[in-house]
Amino acid sequence: MNISVIGAGYVGLVTGACLAEIGHHVICLDVNKEKVEMLKSGKSPIYEPGIDDLLQKTTQSGHLSFTTDYPVACEKAEVIIIAVGTPSRPDGSADLSALQDVAEKIGFHARHDGPIIVTKSTVPVGTNRKIRSWLNTHQTGKFRIASNPEFLREGSAIHDTFNGDRIVIGAEEEETAKRLEEMVAPFGVPILHTSIESAEMIKYSSNAFLATKISFINEIANLCEKLGANVEDVAKGMGMDQRIGSSFLQAGIGYGGSCFPKDTNALVQMAGEMEHDFELLESVIHVNAKQQVKLVQMAKKRFKDLKGKRAGLLGLSFKPNTDDIREAASMEMINLLLDEGVQVTVYDPVAQENVKSILGSRVIYADHCFEAIEDQEMLFIATEWEEFKVLRLKTISKLMENPILFDGRNCFSVEEAEGAAIDYYSIGRPAVIHSVLKTPHSE
Ligand code: UDX
């Protein structure tokens, strides 16, 4: 099948490369010339495990190509997939201007004998109907529209494409749905057919539910700290109930990334437009905002005054195996620490450059994680990179001036902390205080 993907961002690129891998002829279009040149030269503009090999394989076999030119992308395409960003406006609603622009351009350049226009971008319920009218801005074509939301996780997006739990196809006509089913069938993932509106809603509801699970377990963790329970045992016990399930019950310093924060806000906004007060989701968002800065609040309680102190911070990306720092807890923490007058040294295996472009010289960048730990008066862990989890608390303790660790991702066990000369604060578990600090601090 001849397929075009508009938008070679994270979703568009992974989708295009995976469709090419199962034998389709795919053209990815992006308006960013530099990005397209980079892709043509075989380099990926995003960090994603396996993407470089997949791009190389599919471009060399002639199944995947890149362009900035709409006529080239639209000429032969039987299916055109829209995968452009729908960022949040200040009020939380989704900004659809890029989507409208793309739809109008497709309408102008696409074949007029019924190509299927598929929306992969996460869009408010009802947007696909608008897309139909945008497609017809310049001339009236016989477009068929469909919604095919993506459920890929950054860091395992290629694996998820081939091993997902479901593919949702929302379409008006049975024939359109059938054609799209044929397109994705080789992935071997269960397919659900729905109306366009239901498909759009499935994406928001799924992300909102997962965000709710995270905020729920984080609130339980906060309570565990006060009541002396251990949230990891609690989550294990809850997760053994199949009606609850064990995934997304990892307590920590909250969710970040390009999806959960944006989609939960957009759903609250959408509900508001329908005069529906989505109180539950508003609480989920509020709990997450508090959770992201929880470690700094703990440090403030511990030190009373943070001014002039030195802190190391390990992990900048919103989760491991990605360089994405959008809505990352680390950024909230750094800003707060800087406001408090703390000198912050950061380390991340891949996300450092992205932080540099935002914070510049306001923080110190370490080349190795030991450099961010050495001689610090306190240490924070914001992302559970494997590289940090294999460190031993005894090693961290020896490196620091004051061995005090605030672990936002529960990378170490309480037992290990009990056996190391380090004061260890984690999430939803008892704090381990030894009071054997090299320089004593009052509680
Ligand atoms: C998410 C959805 O999982 C995916 O289906 C959707 O298409 C895009 O949004 P992603 O943003 O890549 O994917 O990350 P995910 O792995 O879901 O994690 C999101 C955030 O939740 C991360 O900050 C992570 O640290 C946090 N999280 C996740 C927890 O705090 N606890 C958990 O138990 C799980």
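When a ligand or atom number is given, it counts from 1 through the structure's own listing order. Reckoned from all heavy atoms, side chains included, excluding hydrogens, waters and symmetry mates. For clarity, every value in this text was computed on a predicted model and none was experimentally measured.
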- In plain terms, say whether Arg144 and Glu173 are close enough for a salt bridge, that is, a side-chain N and a carboxylate O under 4.0 Å apart. no
- Ion pair Glu181/Lys178, N-O distance below 4.0 Å: no
- Query: For atom 22 (C) of ligand 1, which protein heavy atom lies nearest, and how many Å away is it?
  - Reply: Phe318 CD1, 3.6 Å
- Report the part of Arg326 in contact with ligand 1, treating N, CA, C, O as backbone and CB onward as side chain, heavy atoms under 4.0 Å; options are side chain, backbone, both, neither. neither
- Query: For residues Glu219 and Asn222, is any side-chain donor paired with an opposing acceptor at under 3.5 Å?
  - Reply: yes
- Query: Going by heavy atoms, is Cys259 under 4.0 Å from ligand 1?
  - Reply: yes
- Message: Only heavy atoms of Lys203, strictly under 4.0 Å: list the atoms of ligand 1 that pass.
- Response: 7 (O)
- Query: Going by the order shown, which atoms of ligand 1 are within less than 4.0 Å of some heavy atom of Leu152?
  - Reply: 4 (C), 6 (C), 7 (O), 8 (C), 13 (O)
- Query: Given Glu384, Glu150, Lys319, which one has a non-hydrogen atom that is nearest to atom 18 (O) of ligand 1?
  - Reply: Lys319
- Message: Quick one about Ser413 and Glu416 (side-chain donor to acceptor, distance below 3.5 Å, no hydrogens or angles considered), yes or no?
- Response: no
- Heavy-atom nearest neighbour in the protein, as seen from atom 5 (O) of ligand 1, with distance rounded to 0.1 Å: Phe151 O, 2.9 Å
- Message: Is a donor from one side chain sitting under 3.5 angstrom from an acceptor on the other, for Tyr10 and Glu150?
- Response: no
- Sub-4.0 Å heavy-atom contact, Glu327 with ligand 1: no
- For atom 3 (O) of ligand 1, what's the nearest protein heavy atom and its distance? Arg153 CG, 3.3 Å
- Message: Looking at Ser317 and Thr322, would you say the former's side chain and the latter's main chain have a donor-acceptor pair under 3.5 Å?
- Response: yes
- In terms of its nearest heavy atom to atom 34 (C) of ligand 1, the top option of Phe260, Phe248, Tyr255 is Phe248
- Note on the structure: Rounded to the nearest 0.5 angstrom, the CD-CD distance for Glu48 and Glu154 is 7.0 Å
- Message: Please list the nearest protein heavy atom to atom 12 (O) of ligand 1 with its residue and the distance rounded to 0.1 Å.
- Response: Glu154 N, 2.6 Å
- Would you please classify the geometry between the Phe406 ring and the Phe380 ring as parallel, tilted or perpendicular, with 30° and 60° separating the classes? parallel
- For the side chain of Asn335 and the backbone of Met331, is there at least one donor-acceptor N/O pair under 3.5 Å apart? yes
- Query: Do NZ/NE/NH1/NH2 and the carboxylate oxygens of Arg129 and Glu172 come within less than 4.0 Å?
  - Reply: yes
- Query: Of the protein's non-hydrogen atoms, which lies at the shortest distance from atom 31 (N) of ligand 1, and what is that distance?
  - Reply: Gln250 O, 3.0 Å
- Query: Judged by non-hydrogen atoms, does Gly256 sit under 4.0 Å from ligand 1?
  - Reply: yes
- Message: Please report whether ligand 1 has a polar contact with Gly257, defined as an N or O pair separated by less than 3.5 Å (distance criterion only).
- Response: no
- Task: Give the residue, atom name and distance (to 0.1 Å) of the protein heavy atom nearest atom 29 (C) of ligand 1.
- Result: Ile214 CD1, 3.6 Å
- Task: Heavy-atom distances under 4.0 Å are what count here, so tell me which part of Leu249 touches ligand 1: side chain, backbone, both or neither.
- Result: backbone
